There are 2 protein chains.
Amino acid sequence: MIGMTVATLPTSRRSASPRRRAPQIIEATAMVFAERGFHGATTQDIADVLGIRQASLYYYFSSKEAALELVCLRGVEGFFETGKAIAARPESAQKRLSLLISSHLSPMLDRGNFVKVFLNERQHLPTESRRRIGRWSRGLERIFEQVIEEGVAAGEFRAGLDARLVTLAVLGMCNAASSWYLKENKGVPAIAAEFSNLVIDGLAIRPAKRRPSRR
Amino acid sequence: MIGMTVATLPTSRRSASPRRRAPQIIEATAMVFAERGFHGATTQDIADVLGIRQASLYYYFSSKEAALELVCLRGVEGFFETGKAIAARPESAQKRLSLLISSHLSPMLDRGNFVKVFLNERQHLPTESRRRIGRWSRGLERIFEQVIEEGVAAGEFRAGLDARLVTLAVLGMCNAASSWYLKENKGVPAIAAEFSNLVIDGLAIRPAKRRPSRR
DNA sequence: AATTCTATCTATCGACCTATAGAATAAGTC
DNA sequence: GACTTATTCTATAGGTCGATAGATAGAATT
């Protein structure tokens with residue numbers, strides 16, 4: 001016990017950090033919201049998962065809606081930034097679209113519940129945070145749309161396609177994965193590869209359709 | 001008066017049919033469920049839309065869950081049958097898949113709310129009816145899957161593709177339309193055409209550089 | 001040892017929501 | 001006009017849920 005100022009380096013915040021269980025609480029919340037939906041889930045359900053009392057949750061969030069906002073934020077965070085970074089790369093539109101699809105799918109692995117809650121329950125956020133989160137969402141749509149348009153302009157993609165509709169198709173396809181990727185036994189890379197192939201090349205076999213005479 | 005057994009044929013049910021407003025009530029229910037979700041909606045909300053008292057709704061359905069079941073049923077009905085009929089046609093897999101996509105999208109027009117509720121809220125049905133409705137759902141998936149596999153077998157579609165994943169992709173893409181088709185200003189035929197093109201041919205331009213390279 | 005901080009608990013309030021019971025009204029029907 | 005059936009109403013029981021207040025136990029700090 002001689003005057004040792006050693007442990008005072010980071011103000012000796014050895015274990016005094018408040019709300020150490022916060023990550024665990026938010027994880028359980030995401031799970032319950034993903035399973036039952038925001039209004040279908042009760043704070044009691046969340047408490048049960050954690051083995052604590054319902055009222056104890058309010059040490060970690062101020063309201064059920066605030067908890068939803070926390071979950072939704074972790075469900076979108078990163079999507080926009082990594083999307084923007086990919087779109088800015090000096091590669092072909094094909095390659096960038098494939099990367100966009102892949103990066104859009106990968107969060108299913110480690111934060112599937114968060115993504116699912118964001119996709120299905122964000123409508124129940126209080127108006128203000130819903131708007132804020134909606135902006136990020138629309139931003140991501142624009143990134144996809146723009147890469148597709150660049151692909152058309154570069155002669156990589158079919159002329160005359162509706163970039164908006166294609167964007168909605170691709171995002172719909174990817175987002176749907178949040179509802180089945182746990183039941184189906186497919187790895188994220190396999191899904192990303194199949195989806196990319198589908199979007200870039202389609203199902204039909206390559207040989208040109210020069211002559212309509214099929215068979 | 002005189003022994004006239006004439007009017008007794010349909011018991012003269014001129015206007016004595018019970019629950020004449022039932023279609024209107026179920027329509028309002030679908031709308032409210034689509035907007036706020038099953039648990040987020042109250043029976044009061046539905047009554048407000050109709051301009052009647054909350055308790056009056058129970059003349060038309062026996063419980064809120066029963067109302068959800070009615071809505072969900074109208075949201076799936078027809079999908080499976082028309083899908084099966086299309087799959088059985090003697091046309092190319094390409095053509096049949098296009099028709100499947102188109103017929104899967106068209107109910108958005110006249111029963112969008114029902115479809116939306118089925119897609120988003122069926123999880124909240126009581127176990128039994130959820131199972132029953134789930135069977136129809138899986139049946140439809142199998143129809144898509146099979147047409148795709150037939151396309152591969154016939155040499156129309158790429159060999160080696162994962163028919164299950166492609167099915168999930170196509171259905172995800174189509175189902176997502178239920179959440180945006182009201183906001184976007186696109187007609188169902190335009191959506192169906194764009195989606196079909198995307199799925200069959202992909203985005204990439206058909207490379208004419210298909211050099212047969214002898215052999 | 002005394003004090004402060006962290007995390008959880010007990011207890012409960014008020015609001016809201018589904019569903020029931022039975023009365024009241026409206027619309028034919030005899 | 002009396003009767004019957006269809007529809008909506010009033011009133012409320014009964015239950016659940018989110019949220020607050022205050023107590024408590026343990027750990028860390030001084």
Side-chain angles (χ1 to χ4, degrees), chain A residues 1-26 28-29 32-33 36-71 121 124-126, chain B residues 1-26 28-29 32-33 36-71 121 124-126:
Chain A
M1 283 80 164
I2 309 121
M4 32 150 35
T5 42
V6 181
T8 50
L9 281 173
T11 335
S12 85
R13 284 272 154 61
R14 206 152 28 103
S15 62
S17 69
R19 268 148 259 236
R20 232 167 316 162
R21 284 237 283 174
Q24 201 182 333
I25 270 78
I26 192 86
T29 304
V32 172
F33 283 174
R36 316 210 196 203
F38 176 66
H39 286 296
T42 69
T43 51
Q44 183 66 62
D45 294 333
I46 302 170
D48 287 348
V49 168
L50 293 160
I52 62 176
R53 301 280 156 165
Q54 175 260 341
S56 304
L57 290 171
Y58 286 78
Y59 178 67
Y60 293 96
F61 48 71
S62 60
S63 72
K64 199 185 170 194
E65 278 182 346
L68 177 61
E69 189 168 356
L70 283 179
V71 173
E121 312 297 334
H124 301 117
L125 283 168
Chain B
M1 298 41 176
I2 310 123
M4 32 142 45
T5 43
V6 182
T8 49
L9 282 172
T11 335
S12 85
R13 284 274 155 59
R14 201 151 33 98
S15 61
S17 69
R19 270 149 257 235
R20 232 168 315 165
R21 283 236 284 174
Q24 201 182 334
I25 269 78
I26 193 83
T29 304
V32 171
F33 283 174
R36 317 210 197 204
F38 176 66
H39 286 296
T42 69
T43 51
Q44 184 66 62
D45 293 334
I46 303 170
D48 287 346
V49 168
L50 293 160
I52 61 176
R53 299 281 153 162
Q54 176 262 340
S56 304
L57 290 171
Y58 285 77
Y59 178 68
Y60 292 95
F61 48 72
S62 60
S63 71
K64 198 187 170 193
E65 277 183 347
L68 176 62
E69 188 168 357
L70 283 178
V71 173
E121 313 297 332
H124 301 117
L125 283 168

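Predicted model, so just to flag it, every value in this text is computed and none were measured. Residue numbers begin at 1 in each chain, while the letters A, B, ... track the order of the sequences.
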**Complete:** Contacts of H124(B) meeting side chain to side chain contact (heavy atoms under 4.5 Å, CB included) (sequence neighbours excluded), chain-then-number -> F38(B), H39(B), L68(B), E121(B)
**Request:** Ignoring backbone atoms, establish whether R19(A) has a side-chain N or O less than 4.0 Å from OP1 or OP2 of dT6(C).
**Result:** no
**Prompt:** Once you round it to whole Å, what is the distance between P of dG26(D) and CD1 of I52(A)?
**Reply:** 18 Å
**Fill in**
Closest to the side chain of Y60(A), out of dA7(C), dC9(C), dT7(D), is dA7(C)
Nucleotide N/O of nucleotides 14-18 of chain D paired with protein N/O under 3.5 Å:
from: dG18(D); atom 1: OP1; to: A41(A); atom 2: O; distance (Å): 3.4
from: dG18(D); atom 1: OP1; to: K64(A); atom 2: NZ; distance (Å): 2.9
from: dG18(D); atom 1: OP2; to: T43(A); atom 2: N; distance (Å): 2.9
from: dG18(D); atom 1: OP2; to: T43(A); atom 2: OG1; distance (Å): 2.8

**Asked** For I46(A) and dT8(C), what is the distance between atoms CD1 and C1' respectively, to the nearest whole Å?
**Response** 16 Å
**Request:** Indicate the atoms forming the closest heavy-atom contact of F33(A) with A67(A), along with that distance.
**Result:** CE1-C, 4.3 Å
**Prompt:** Over how many whole Å does the gap from L57(B) atom CG to dT20(C) atom P extend?
**Reply:** 13 Å
**Request:** Grab the OH-C1' distance between Y59(A) and dA7(C) for me, whole Å please.
**Result:** 6 Å
**Whole angstrom value for the distance that separates C1' of dT6(C) from CZ of R20(A)** = 8 Å
**Complete:** Contacts satisfying side chain to side chain donor-acceptor pair (under 3.5 Å) that involve residues 54-65 of chain A (not counting sequence neighbours) are T43(A)-Q54(A)
**Asked** Side chain of A55(A): nearest nucleotide among dT20(C), dT8(C), dA11(C)?
**Response** dA11(C)
**Partners meeting side chain to side chain contact (heavy atoms under 4.5 Å, CB included) with L50(B) (sequence neighbours left out)** = Q24(B), I25(B), A28(B), I46(B), I52(B), L57(B)
**Message:** Is there a side-chain contact between S56(B) and the phosphate of dT7(D), meaning an N or O under 4.0 Å from OP1 or OP2?
**Reply:** no
**Request:** Let me know the distance between CZ of R53(B) and P of dA24(C), rounded to the nearest Å.
**Result:** 16 Å
**Item:** For atom CD of Q24(A) and atom C1' of dA7(C), their distance in whole Å
**Value:** 13 Å
**Prompt:** So does R21(B) get a side-chain nitrogen or oxygen closer than 4.0 Å to the phosphate oxygens (OP1/OP2) of dA6(D)?
**Reply:** no
**Prompt:** salt bridge (charged side-chain N to carboxylate O under 4.0 Å, His left out): which pairs involve residues 36-60 of chain A, sequence neighbours left out?
**Reply:** R36(A)-D45(A)
**Partners meeting side chain to side chain contact (heavy atoms under 4.5 Å, CB included) with I26(B) (sequence neighbours left out)** = L70(B), V71(B), R74(B), F114(B)
